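Heads up, the thing below is written out as structure tokens.
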Amino acid sequence: MRQRSAWKPVWRFQQRLIQATLATSLIAALTPALAQKPQTESAPWWRHAVFYEIYPRSFADSNNDGLGDLKGITSKLDYLHQLGVDAIWISPCYPSPQFDFGYDVADYENIDPMYGTLADFDELTREAHRRGIRVIMDFVLNHSSSQHPWFLESKSSRTSAKRDWYIWRDGKSAGQPPNNWQSDFGGSAWTRDATTGQYYYHYFEAEQPDLNWRNPAVERAMFDVTRFWHRHGVDGFRLDAVDTLFEDPELKDNPTLAGKNEFGDPQMKNVNNDKLPEVHEELRRLRQVTDENGQVLIGETWTESIDELKAYYGAHNDEIQLPMDFMFATVNKLSAPEFRRQIGLAESAGWPVFVLSNHDMPRAYTRYGDGMHNEQIAKLMAGMMLTLRGTPILYYGEELGMATHPPERKEDVKDPLGISGWPQQKGRDGDRRPMQWSAETNAGFTHVQPWLPVDADFKQHNVAIEKDNPQSLLNFYRALLALRHTNPALLDGEYVPLAGNDANVLAYLRRTKAETIAVVLNFSVESQELEPNWKALGIDSATLKVLLTTSEERAAKQPGIVQLTPYSLVILRAETKGKKAKQE
Ligand code: NOJ
């Protein structure tokens, strides 16, 4: 019997527990994977784009030194084009001592020789643009490397012309730092420099001194950096650690909380050095400069509330166009209600920016996988990410089912975070292993020993194997991306949540005047059968057509009934009544 509410499961059969190990079936034929650029109206390009983060050390090694490089990336642009991504964000490739693998920049206007040359970069942007792929640089603006000439000059004397480019203070008393602020990587956020006997401030490691954004000369120099990269074809920036650009000028102590963090330091609330109001003023100024050059800003915005996230768009949408939603990214359980809640919140903040994996967090494949249905779950998460209203940012290898396995021994750890935090914090090496191109030695990434060992799973999860398997995760991503790019409702349609309180199913419509897409995702290990009240949703169920599914169930006799095997999804398309009526 049809339920009265717009969305209520109809239990036509008993809910069944299916230990599904069957191969996935895609009911819809896979569409050719060529990315077709979104055609619709006047939305800015980044709203329709799917971004793809490349960690350059680990993506493709063209010269066999065990490290990825720019020519390696260029050689893989056809792969990315066939996958259907519209923009690549390249994690830092500037000259750097590589203490934090590039997040310690020694020259903002060049390329580290280990990655190639500026000419290689120009070739990369040229070739990317030729394929309709935009290029985003990682802009590490909170801090530079302690080897940057600016810092070397700054630390040379108390009267150096660049002294005020960084934050220097006397200690509180002999041997005591100026205040109790802690580094995000453990220990005090202050390091004493013997040359002048003063302390300098670093939110991260001592090798990453914070720039003083209160100094107009710093602002000018950094704004010029964006212009420099504009001349080299860069389409936008991912703003690293943007939360922590400013500090309380009086350097007031932060309140401490009960307990210790993973480094054994007291828990602390960073009220005086995180998300100060000045950050927003600065972002508005930066935005004016990047707007002049048509560059988009993506934010590494670690927010704890929706108001904080909202603030990053700017009161007049004049700050960051794409602040990443880490509240969504850190829903660390496979929970339909939790994701429903976070998506609803993201919708209320502005144009959502969805991320599930990046170089700082365990990969989604590992975080959400249950060990038995990992492939199904990975497809489920992809189905959600790529059908929501908003801009998704993928992480290299996510499309293959790359997993995170942290190093097992401290002596193998390369990440400074893992070195200081071991064994509680094993660092991020496991999230940054070489891209898995094939089942050959070192996953086809390099012919010599790679800088990090390839993941043990590479023989099952790699491009060579997956590209020829119509049921692979890779081909599922390609199908989803193709669907997204050719479907105005998925690009611009409003988001209408369904299945309000369902504990197992996340469902929503994406709707324009002309068509409706319904997305139904089974977050549970049990089969689900549902019959939405399509009529109440303005949908003629006779027009429903399955576009893509991973459900093993035979097609239902009645088109309005949705059958979902464990962890499967269905994407349906319907004509709106209005359109149908017009055609008749
Ligand atoms: C955030 C980056 O994503 C992370 O990898 C880095 O360690 C810190 N910022 C410091 O730059």
Side-chain angles (χ1 to χ4, degrees), residues 51-59 68 89-108 112 136-148 151 166 181-187 189 191 200-211 213 222 225 237-247 262-263 270 273-275 279 297-303 312 320 322-326 329-330 353 355-363 393-396 404 406 413-421 425-433 451-452:
F51 288 69
Y52 183 96
E53 180 191 356
I54 292 179
Y55 197 69
R57 285 179 86 87
S58 299
F59 194 61
W89 145 32
I90 307 173
S91 294
C93 52
Y94 313 95
S96 159
Q98 301 291 324
F99 185 81
D100 188 14
F101 302 117
Y103 284 98
D104 46 331
V105 178
D107 178 356
Y108 287 96
D112 194 298
I136 305 297
M137 283 293 254
D138 209 315
F139 192 20
V140 189
L141 69 175
N142 174 71
H143 50 272
S144 73
S145 159
S146 55
Q147 296 307 308
H148 195 295
F151 187 72
Y166 295 84
W181 298 353
Q182 286 167 184
S183 155
D184 206 37
F185 285 14
T191 292
Y200 66 90
Y201 171 66
H202 48 90
Y203 188 87
F204 297 97
E205 292 278 5
E207 289 76 4
Q208 298 164 295
D210 273 48
L211 283 156
W213 275 85
M222 294 303 266
V225 169
F237 299 95
R238 175 263 187 186
L239 305 178
D240 183 67
V242 69
D243 300 321
T244 56
L245 280 192
F246 283 85
E247 300 77 30
E262 56 197 356
F263 305 103
N270 292 343
N273 55 346
D274 190 7
K275 298 191 189 65
V279 171
L297 297 176
I298 304 175
E300 192 208 6
T301 39
W302 281 96
T303 57
Y312 274 118
I320 301 178
L322 298 173
M324 294 185 212
D325 181 355
F326 285 105
T330 54
V353 184
V355 182
L356 282 176
S357 293
N358 73 18
H359 64 286
D360 290 330
M361 56 167 62
R363 287 174 174 274
I393 306 182
L394 307 178
Y395 183 47
Y396 79 95
T404 286
V413 177
K414 300 263 184 359
D415 178 14
L417 188 61
I419 293 170
S420 55
Q425 165 58 267
K426 293 190 172 158
R428 301 160 292 183
D429 292 351
D431 323 330
R432 302 171 173 181
R433 292 183 190 274
W451 79 284
L452 280 176

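First listed ligand is number 1; within each ligand, the first listed atom is number 1. All values derive from a computational prediction rather than experimental measurement.
Between D429 and K414, no side-chain nitrogen of the basic residue sits less than 4.0 Å from a carboxylate oxygen of the acidic one, so the salt-bridge criterion is not met. One finds no salt bridge joining D431 and R363 here, because no Lys/Arg side-chain nitrogen approaches an Asp/Glu carboxylate oxygen to under 4.0 Å.
Listed by number with element, the atoms of ligand 1 under 4.0 angstrom from any heavy atom of R428 are 4 (C), 5 (O), 6 (C), 7 (O). Listed by atom number, the atoms of ligand 1 under 4.0 Å from H359 heavy atoms are 2 (C), 3 (O), 4 (C), 5 (O). Listed by number with element, the atoms of ligand 1 under 4.0 Å from a non-hydrogen atom of H143 are 10 (C), 11 (O). The atoms of ligand 1 that sit less than 4.0 Å from any heavy atom of R432 are 5 (O).
Test Y203, W181, Y201 against N273 for side-chain hydrogen bond (donor to acceptor under 3.5 Å, both in side chains) and you get one pass: Y201.
Comparing T244, V105, D360, L239 against atom 3 (O) of ligand 1, the shortest heavy-atom distance belongs to D360.
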* To do: Apply side chain to side chain contact (heavy atoms under 4.5 Å, CB included) to the pair E205 and S420, showing each step before the final yes or no.
  => CA-CA 10 Å; E205 292 278 5; S420 55; 4.2 Å; yes
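For atom 7 (O) of ligand 1, the nearest non-hydrogen atom of the protein is D100 OD2, 2.5 Å. Scanning the protein heavy atoms around atom 8 (C) of ligand 1, the nearest turns out to be F204 CE2, 3.8 Å. Looking only at protein heavy atoms, the nearest one to atom 2 (C) of ligand 1 is D240 OD1, 3.1 Å.
Ligand 1 lies within reach of R238, whose nearest heavy atom is under 4.0 Å from it. Within the structure, ligand 1 lacks E205 among the residues with a heavy atom less than 4.0 angstrom away.
The two atoms that bring E207 and D104 nearest to each other are O-CB, 4.2 Å, heavy atoms only.
The OH atom of Y396 lies 10.5 Å from the NE2 atom of H359; values are rounded to the nearest 0.5 Å.
Contacts of F185 with ligand 1, taken as heavy-atom pairs under 4.0 Å, involve the side chain alone.
Y108 and S144 share no donor-acceptor pair across their side chains, judged by distance under 3.5 Å alone. T244 and N142 form a side-chain donor-acceptor contact under 3.5 Å, judged by distance and modelled atom types alone.
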